[in-house]
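Encoded as structure tokens, the structure appears first; notes follow it.
This chain uses plain numbering: 1 for the first residue, then up along the sequence.
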Amino acid sequence: YIKIMKIKHFPLYFLLVLFSSSLLAQKSEKRMSYERLKALKINFIIEQVDLNTEEESFVWSAFEKHESDVRKQYHKKMRKLRHTKFKDTEDLSESQAAVALDSIYYLRTLKEELDQAFLKTLKTKLTAKQVLEIHIAEEQFHRKMVHRSRERKNIP
């Protein structure tokens with residue numbers, strides 16, 4: 001009897017799976033994955049700067065390491081801080097707010113140190129001009145992504 005019920009309802013299950021997978025596909029199209037965004041950023045930068053294949057490989061691996069370090073040491077900690085301390089700022093005491101500000105300052109300083117270490121790493125195998133071009137291309141990419149996001153949300 002159970003097998004008959006399962007077979008009988010198979011078309012319903014199939015339609016349910018098909019419908020839910022199409023919803024998931026639409027949701028994933030709206031929000032870009034971190035890995036895809038990172039790859040787009042690195043490709044954009046490499047296209048903007050004149051590098052040979054060895055230098056491109058070096059830049060790619062350096063960016064991979066830097067992005068991974070920043071994500072682990074800054075973004076995850078900042079997100080956790082936002083969710084724990086910033087949800088209800090009205091409920092924070094003055095001393096708790098001061099601790100939160102100190103944490104923000106510390107994390108921003110840490111990110112700045114990671115960025116400086118990344119630039120020093122790039123300067124080990126690239127010229128100062130190439131490193132500057134990479135920095136400018138990275139800024140252009142960020143502006144382009146902000147502009148694209150604003151267009152999607154119809155923000156002037």
Rounded distance (nearest 0.5 Å) linking atom CD of E67 with atom CG of L114
10.5 Å
Report yes if some heavy atom in the side chain of L126 is under 4.5 Å from a heavy atom in the side chain of L51; otherwise report no.
yes
Following the transitive rule for hydrophobic clusters with a side-chain heavy-atom cut-off under 4.5 Å over Ile, Leu, Val, Met, Phe, Trp and Tyr, establish whether L40 and V146 coincide in one cluster.
no
I'd like to know whether CG of D102 has more than 12 heavy-atom contacts from other residues, nucleotides or ligands below 6.0 angstrom.
yes
Side chain T109, main chain Y105, donor-acceptor under 3.5 Å:
yes
Atom OG1 in T121, atom NE2 in H66: separation rounded to 0.5 Å?
9.5 Å
Anything under 3.5 Å between a donor and an acceptor, one on a side chain of residues 130-145, the other on a protein residue two or more places apart or in another chain? List them.
unit_1	atom_1	unit_2	atom_2	d
Q130	OE1	T127	N	3.0
Q130	OE1	T127	OG1	3.4
Q130	NE2	E55	OE1	3.4
E138	OE2	K41	NZ	2.9

What I'd like to find out is whether the side chain of W60 reaches to under 4.5 Å of the side chain of N43, using heavy atoms alone.
yes
E35 and K38, any side-chain heavy atoms less than 4.5 Å apart:
yes
Find the distance between NZ (K77) and CZ (R71) and round it off to the nearest 0.5 Å.
14.5 Å
Could you check whether any side-chain N or O of Q73 sits under 3.5 Å from a backbone N or O of V70, counting only pairs where one atom can act as donor and the other as acceptor?
no
Between A100 and L81, what is the shortest heavy-atom contact and its length?
O-CD2, 4.1 Å
Quick one: are T124 and F58 in side-chain contact, heavy atoms under 4.5 Å?
yes
Chi angles and distances behind the side-chain contact (heavy atoms from CB on, under 4.5 Å) call for E56, V59
CA-CA 5 Å; E56 283 180 11; V59 169; 5.8 Å; no
Would you say that more than 12 heavy atoms from the other residues, nucleotides or ligands in this model lie under 6.0 Å from the NE2 of H147, or not?
no
Minimum-distance pair of heavy atoms, taken over all atoms of L107 and Y74:
O-CD1, 3.2 Å
Tell me the closest heavy-atom pair linking I42 and E64, and the distance in Å.
CD1-OE2, 4.0 Å
Please check if atom CD in E94 has more than 12 non-hydrogen atoms from other residues, nucleotides or ligands closer than 6.0 Å.
no
